[in-house]
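What follows is a short report on a single structure.
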Amino acid sequence: PSDKLKAIAIIASETPTTLWWDEADRKVDRLESLVACGQFTACYNLMDYILKLKEAGHGSLALDQLYNQLEADWKQFNEAPRFLV
């Protein structure tokens, strides 16, 4: 993971249980960081799962295509972690 991606993950990990966002939360874009963290975490976990499926002999063209798309997304997440938000 890139330093940019790690910085967003840190902001998201510091999110308290809350019903509203105060000015300090808005300044660091906490909601967007939380959403982005969920997105890039899901991307990473899906890539990891596909690699495990392939290692177990369950590879397919569809899985290869999905992995390639996830890998492209992962590269974008590392460049601009909030690119889908």
task = List the atom of Val85, the atom of Gln39, and the distance in Å for their closest heavy-atom pair.
result = CG2-OE1, 3.6 Å
task = Report yes if some heavy atom in the side chain of Ile8 is under 4.5 Å from a heavy atom in the side chain of Lys4; otherwise report no.
result = no
inquiry  = Between Thr41 (side chain only) and Gly38 (backbone N and O only), is there a donor and an acceptor less than 3.5 Å apart?
reply    = no
Flag side-chain contact, heavy atom, 4.5 Å: Leu84 against Phe77 = yes
query = Mind checking whether Leu51 and Met47 sit in one hydrophobic cluster, side chains of I, L, V, M, F, W, Y counted as touching below 4.5 Å?
reply = yes
request  = Kindly compute the distance separating NZ (Lys27) from CG (Asp22), expressed to the nearest 0.5 Å.
outcome  = 10.0 Å
request  = For the pair Asp29 (side chain) and Glu32 (backbone), establish whether a donor and an acceptor sit closer than 3.5 Å, ignoring hydrogens and angles.
outcome  = no
ask   = Quick one: do Arg26 and Glu23 make a salt bridge, cutoff under 4.0 Å?
value = yes
task = Mind checking the CZ-CG spacing from Phe40 to Asn45? Nearest 0.5 Å is all I need.
result = 11.5 Å
request  = Measure the CG-CG distance between Asn78 and Asp73 for me, rounded to the nearest 0.5 Å.
outcome  = 11.5 Å
ask   = Has Lys54 got its NZ or CZ under 6.0 Å from the middle of the six-membered ring of Tyr67, at an angle within 45 degrees of the ring axis?
value = yes
note = Output for pair (Leu63 CG, Leu46 CG), nearest 0.5 Å, gives 10.5 Å
